[in-house]
Amino acid sequence: MIDIRLIRQNPDVVRESLSKRHDDTSLDAIIKMDEEHRKLLQGIEALRGERKNVSKLIGKLERDHILATLTSILSDCEDPARLPTVQIIKEIDNFLEQCNIKEPLKQERDQMISKIDEYIEKEIRKERSRRIGEEIKILEEQASEISEQLTNMLLWLPNLVQDSVPIGEDESGNVVTRHWGEQPTFDFDPKPHWELGESLGIIDFERGVKLSGSRFYVLKGLGARLQRALIDFMLDLHVNEHGYLETYPPFMVREECAIGSGNLPKFADHLYHDAEEDFWFVPTAEVPLTNLYRDEILDPGTLPLYHVSHTACFRREKMSAGKDVRGIKRGHQFDKVELYKFVEPETSNDELAIMMDNAETVARKLGLPYRILELCTGDIGFASSKSYDIEVWAAGCDEWLEVSSCSNCLDFQARRANVRYRPEPGAKPQFAHTLNGSGLALPRVVIAVLENYQQADGTIVVPEVLRPYMGTDIIS
RNA sequence: GGAGAGGUGUCCGAGUGGUUUAAGGAGCUGGUCUUGAAAACCAGUGUAUGCUUUUGCAUACCCAGGGUUCGAAUCCCUGCCUCUCCGCCA
């Protein structure tokens, strides 16, 4: 979420970022609502203060025994603030008569009569307080309606992009900044993974479709084993060599978690949702991880926090209908190892570079050639201020596959999920910065391994680092 | 799924309609004392928003959202969560 104070004080900075993203949301309505909201709040607070004081006075008066008796005697009368004195006296006499004991109460009668003016004053105060209450209620209704609209509009605003992000219309504007490794050459025609997988009997498309429909597949035998080996390898690498904490989160989360990460409300149609229990299926571990420390203030010295999670990811892929329908490149369910960091604001761009290297290390150790893309303003994600993609080369389908996208979200998600930290003991809490990146997405790494390590006879050489996990050096 | 109990500050914990401006204790920070430490004593110790921006001031927050009331931590309704017992289950 963008800080409303930034929009208030420096709207042009936000406008510029929006226009770079080709987001045509206007800030005018937001600014106007914010102004109106604050004006209402001021009115409400003043009225509440007044009511508080009046009520306090009433409380003091009601602690007076005589006044309290008088109040209870007259509690059935309508409009007590406007009762004529004569009638009040009559009611007092009625009451005393009902009590049947006349003499000892005579004194009390005089006391009551002497306090009639005070009583009336008190009732007038009550009436005034009641009227203030009504006024407050009206204003509160207005304020909460505006506040709800305002919050909702803010939730639809994408993060600011950093100045270093290249300007561009769409994915064609992304900039290739680096390459690593050599694309493999073959003395035969390299096959795509769907052919290899089928002929090796390790990917079963037909039965996947039978079970769950298009974009589902079944991994079997060494195919399933390969994916598991990759997961173990990646987790071990990030835990043992990069200092991440292995973390197993829920795969279904509450709505507020998906709001916290930035997936809701804007991208509801990308997510699976269980209507009965109102759970959202995670499209990436980023969603639960963002919310690990929601509504917390982390103690000084706690940051940075590094988490790595292997989860299944569920995506409706409605927007990509008809795209990448062959093979296992784009499914509704896939596994991913995700890197996530909570860091202090000053360090977040450096941390992004480190995270990139952590993710790249996976590809390097697997011997998969890759290139790095700096995402442009037209293609960068909603929550991100700066993103790099890692694409590995897949020799069979002859394309670069996105296997990771590493992003610095600044305080955008932390603000939504209310994740704060205290820089020093006693210092004011601040929003943390969050970063996320795949390290890496599994099916696409499986594709790259199968296609790049294939041999003329259709068998696959297992990359060196995976052999301890695979228990074999060839998939045949 | 059934029955019951509960949710108060950093923590423990009191509080059944109004000096609660949330008691008391612990912790933490600072100070006094001490050669030093401990103990004791004194003081301070939340978050958010708005207004002033030097000091401040105001409002809200006792799980969340509604309601009753002049006034709600307290009473009523709904939801969420935790615990105990039973049932079921991996």
Side-chain angles (χ1 to χ4, degrees), chain A residues 1 3-9 31 33-65 67-72 74-83 118-148 150-151 154 248 250-257 259-260 274 276-280 291 293-302 411 414-432:
Chain A
M1 193 147 58
D3 189 355
I4 183 67
R5 277 170 293 196
L6 178 66
I7 297 175
R8 197 184 293 157
Q9 287 156 15
I31 290 168
M33 277 184 177
D34 173 50
E35 244 165 62
E36 214 169 313
H37 183 239
R38 278 182 301 151
K39 213 174 275 170
L40 283 168
L41 276 187
Q42 281 177 46
I44 289 168
E45 285 181 8
L47 286 172
R48 274 207 277 240
E50 198 182 338
R51 182 178 64 180
K52 205 165 151 185
N53 291 331
V54 175
S55 287
K56 235 179 227 172
L57 275 173
I58 296 170
K60 251 177 216 164
L61 289 172
E62 297 240 307
R63 249 171 275 128
D64 179 291
H65 171 64
L67 266 179
T69 313
L70 203 45
T71 305
S72 83
L74 298 168
S75 63
D76 288 339
C77 299
E78 269 180 44
D79 206 358
R82 274 174 203 76
L83 281 177
E118 251 181 282
Y119 168 79
I120 288 177
E121 194 195 330
K122 176 173 70 73
E123 289 304 321
I124 288 171
R125 286 213 173 103
K126 272 195 194 176
E127 209 177 83
R128 191 162 122 231
S129 185
R130 194 182 300 131
R131 227 173 282 132
I132 293 171
E134 281 162 10
E135 218 172 313
I136 290 173
K137 204 168 176 186
I138 292 167
L139 292 180
E140 271 177 344
E141 267 163 30
Q142 292 174 13
S144 76
E145 194 180 316
I146 289 182
S147 151
E148 199 180 309
L150 183 59
T151 306
L154 289 176
Y248 178 84
F251 293 8
M252 298 184 290
V253 295
R254 296 168 179 288
E255 184 182 50
E256 55 261 39
C257 292
I259 291 173
D274 166 54
E276 193 135 309
E277 305 284 345
D278 200 19
F279 279 128
W280 294 84
N291 292 277
Y293 308 103
R294 79 173 304 122
D295 296 325
E296 289 188 40
I297 300 170
L298 301 168
D299 289 331
T302 310
D411 64 1
R415 205 176 275 284
R416 287 172 161 246
N418 194 25
V419 180
R420 291 172 295 169
Y421 76 103
R422 215 180 286 280
E424 303 288 337
K428 255 184 100 72
Q430 278 190 38
F431 289 110

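Numbered from 1 within each chain, the chains take letters A, B, ... in sequence-line order.
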Need one value for [X]: base, sugar-phosphate or nothing, where a base atom within 4.0 Å counts as base even if backbone is also close, heavy atoms only.
X      : value
A:K39  : nothing
A:E123 : nothing
A:R131 : nothing
A:R125 : nothing
A:R51  : sugar-phosphate

Between [options], which one does the side chain of [X] approach most closely?
X      : options             : answer
A:R422 : B:U47, B:G50, B:A48 : B:U47
A:R420 : B:A48, B:C81, B:G50 : B:A48
A:S55  : B:G71, B:A60, B:A48 : B:G71
A:I297 : B:G67, B:U47, B:C51 : B:U47
A:E62  : B:G18, B:A60, B:A58 : B:G18

Please measure how far the [atom1] atom in [N] lies from the corresponding atom in [M], and state the result in whole Å.
N     : M     : atom1 : value
B:U52 : B:A14 : C1'   : 38 Å
B:U69 : B:C11 : P     : 35 Å
B:U8  : B:A64 : C1'   : 15 Å
B:U47 : B:U10 : C1'   : 13 Å
B:G18 : B:G6  : C1'   : 27 Å
B:A73 : B:U68 : P     : 16 Å
B:C88 : B:G27 : P     : 49 Å
B:A37 : B:G31 : P     : 11 Å

Is there side-chain contact between [X] and [Y], with heavy atoms separated by less than 4.5 Å?
X      : Y      : result
A:R131 : A:E135 : no
A:I297 : A:P429 : yes
A:E127 : A:I124 : no
A:F431 : A:D3   : no

- Query: Under the side-chain contact (heavy atoms from CB on, under 4.5 Å) criterion, do A:T71 and A:K122 qualify, and how do the steps go?
  - Reply: CA-CA 10 Å; A:T71 305; A:K122 176 173 70 73; 2.9 Å; yes
- Could you state the atom-to-atom distance from CD of A:E134 to P of B:G67 in whole Å? 13 Å
